[in-house]
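Quantities reported herein were computed from a predicted structural model and do not represent experimental measurements. Within every chain, numbering begins at 1; the chains are lettered A, B, ... in the order of the sequence lines, protein sequences first and strands thereafter. Note that these values count all heavy atoms, side chains included, but never hydrogens, waters or copies made by symmetry.
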2 protein chains.
Amino acid sequence: MSVDTQQVRMAQALREAGYRLTQPRLAVLQVLQENEAGLNPEEIHQLGKTLCPSLGLVTVYRTLDLLAELGLARRLHSEHQCHSYASARTDRHYLICERCHRVIEFPCHGLDELLESVRQHTGYTINEHLLELRGLCPDCQENQAVQRNA
Amino acid sequence: MSVDTQQVRMAQALREAGYRLTQPRLAVLQVLQENEAGLNPEEIHQLGKTLCPSLGLVTVYRTLDLLAELGLARRLHSEHQCHSYASARTDRHYLICERCHRVIEFPCHGLDELLESVRQHTGYTINEHLLELRGLCPDCQENQAVQRNA
DNA sequence: TCCTTGTTGAAAGAACTTTTCAATAAACTA
DNA sequence: TAGTTTATTGAAAAGTTCTTTCAACAAGGA
Ligand SMILES: [Mn+2]
Ligand SMILES: [Mn+2]
Ligand SMILES: [Zn+2]
Ligand SMILES: [Zn+2]
């Protein structure tokens with residue numbers, strides 16, 4: 001299963017960085033893994049407790065910091081909910097549904113020219129970027145159409 | 001003066017939306033106007049008090065909400081400081097210096113093709129986007145070079 | 001199995017943001 | 001300009017979110 005593979009990869013990364021592979025950390029990891037939506041610390045805590053009943057909210061915060069540092073999780077920013085997190089894949093390009101708040105990542109080709117042009121016009125060096133797109137996912141488009149006809 | 005023009009424009013927008021043009025609001029408006037950096041509510045409060053000594057922090061929060069709603073100010077999101085604000089120009093493209101935290105906006109050409117390609121691959125409709133670039137401003141690049149040679 | 005030490009969860013504390021409410025001042029009227 | 005109405009304000013209190021502290025615990029190596 002590809003989900004398990006991903007989780008093993010994340011667990012290994014933790015170990016390789018010298019951190020212990022604990023039940024609370026595995027729980028947070030798995031929650032992020034199983035939810036493509038951005039979840040906030042409290043939501044992750046609730047879901048995580050079903051996997052590791054003793055899990056404390058403090059540990060969720062600590063683990064999210066750790067995972068973000070290791071590049072295994074990403075902080076997301078949106079107007080209605082500030083610090084939510086998602087499992088990090090390879091890039092930093094998020095497509096967020098404004099209705100159901102589902103978050104997916106998309107491969108981002110064609111940004112390089114833009115970055116080069118900004119570099120030339122401003123004199124800034126550019127180290128990283130964040131591109132968030134906001135719109136409606138196919139499901140929500142359909143639901144909206146159905147509601148309109150009802 | 002272009003700064004004044006911009007400020008008048010913002011003040012008019014407030015009035016046209018049916019809100020009163022008060023001293024505290026003008027102070028917040030002017031602070032955002034005069035600082036291209038992203039400022040957090042507390043910083044805006046400190047600077048605003050020099051313009052309107054009675055200004056309270058609560059009013060800063062309220063005014064920032066209001067200005068964001070009217071599209072006159074924008075919330076910025078960065079790793080180390082979550083809710084900072086900047087005067088809103090026409091777009092949503094920020095270039096943030098990782099060292100001095102200066103924020104500038106840049107015109108963003110060439111994103112349309114990327115958006116269209118994402119639309120086709122995902123089936124999402126896309127309503128808005130946020131592009132944040134992170135790097136070093138020219139001043140900080142120079143300072144860094146100087147330090148290295150010292 | 002035992003030991004070492006990184007990790008945990010609860011409680012307390014700090015930081016940040018919102019609500020409440022009486023006093024104030026902006027805008028309109030006469 | 002003075003008077004009236006009502007949105008707005010600031011202080012205090014309350015509510016949230018996040019961090020620090022510290023004794024108990026458990027992961028991983030011996
Ligand atoms: Mn934010
Ligand atoms: Mn944020
Ligand atoms: Zn959706
Ligand atoms: Zn700089």
The residue among Leu57(A), Val58(A), Thr59(A) that forms side chain to side chain contact (heavy atoms under 4.5 Å, CB included) with Leu55(A) is Thr59(A)
Taking side chain to side chain contact (heavy atoms under 4.5 Å, CB included) as the criterion, tell me which of Ile44(A), Val28(A), Leu14(A) meets it with Thr63(A). Val28(A)
From [atom1] of [X] over to [atom2] of [N], roughly how many Å is that when rounded to an integer?
X	N	atom1	atom2	value
Leu26(B)	dA25(C)	CG	P	15 Å
Ile44(B)	dT17(C)	CD1	C1'	14 Å
Asp65(A)	dG6(C)	CG	C1'	17 Å
Leu14(B)	dA26(C)	CG	C1'	13 Å
Leu66(B)	dT18(C)	CG	C1'	16 Å
Leu39(B)	dC16(C)	CG	C1'	17 Å
Glu42(B)	dA15(C)	CD	P	11 Å

Nearest listed nucleotide, side chain of Arg62(B), among dA10(C), dC21(C), dT8(C): dC21(C)
Side chain of Arg20(A), heavy atoms from C-beta onward: which of dT5(C), dT17(C), dA11(C) has the nearest atom to it? dT5(C)
Find the bend of the helix from dT1(C)-dA30(D) to dA30(C)-dT1(D) as the angle between its two terminal axes (five pairs each), to the nearest 10°. 40°
So with a 6.0 Å cut-off around CD of Glu113(B), is the heavy-atom count from everything else above 12? no
On DNA chain C, nearest-nucleotide positions of Tyr61(B) versus Thr22(B): which is more 5'? Tyr61(B)
Toward the 5' end of DNA chain C, by each residue's nearest nucleotide, Pro41(B) or Gln23(B): Pro41(B)
Minimal non-hydrogen separation, Leu133(B) against Val118(A), with atom names: CD1-CG1, 4.0 Å
Between the main-chain N or O of [Y] and the side-chain N or O of [X], is there a donor-acceptor pair closer than 3.5 Å?
X	Y	result
Arg15(B)	Leu21(B)	no
Gln141(A)	Leu136(A)	yes
Glu43(A)	Asn40(A)	yes
His45(B)	Pro41(B)	no

Under a criterion of less than 4.0 angstrom to any heavy atom of chain B, what are the 5'-terminal and 3'-terminal contacting nucleotides of DNA chain D? dT6(D) to dA12(D)
Applying side chain to side chain contact (heavy atoms under 4.5 Å, CB included), run through Leu32(A) and Leu64(A) and close with a yes or a no. CA-CA 10 Å; Leu32(A) 289 179; Leu64(A) 290 173; 4.1 Å; yes
What is the nucleic acid contact for Leu55(A), judged by heavy atoms within less than 4.0 Å: base, sugar-phosphate only, or nothing? sugar-phosphate
At less than 4.0 Å, is any side-chain N or O atom of Ser54(A) found next to OP1 or OP2 of dT8(C)? Yes or no. no
Does the dG6(C) base have a donor-acceptor partner in the side chain of Arg25(A) within less than 3.5 Å? no
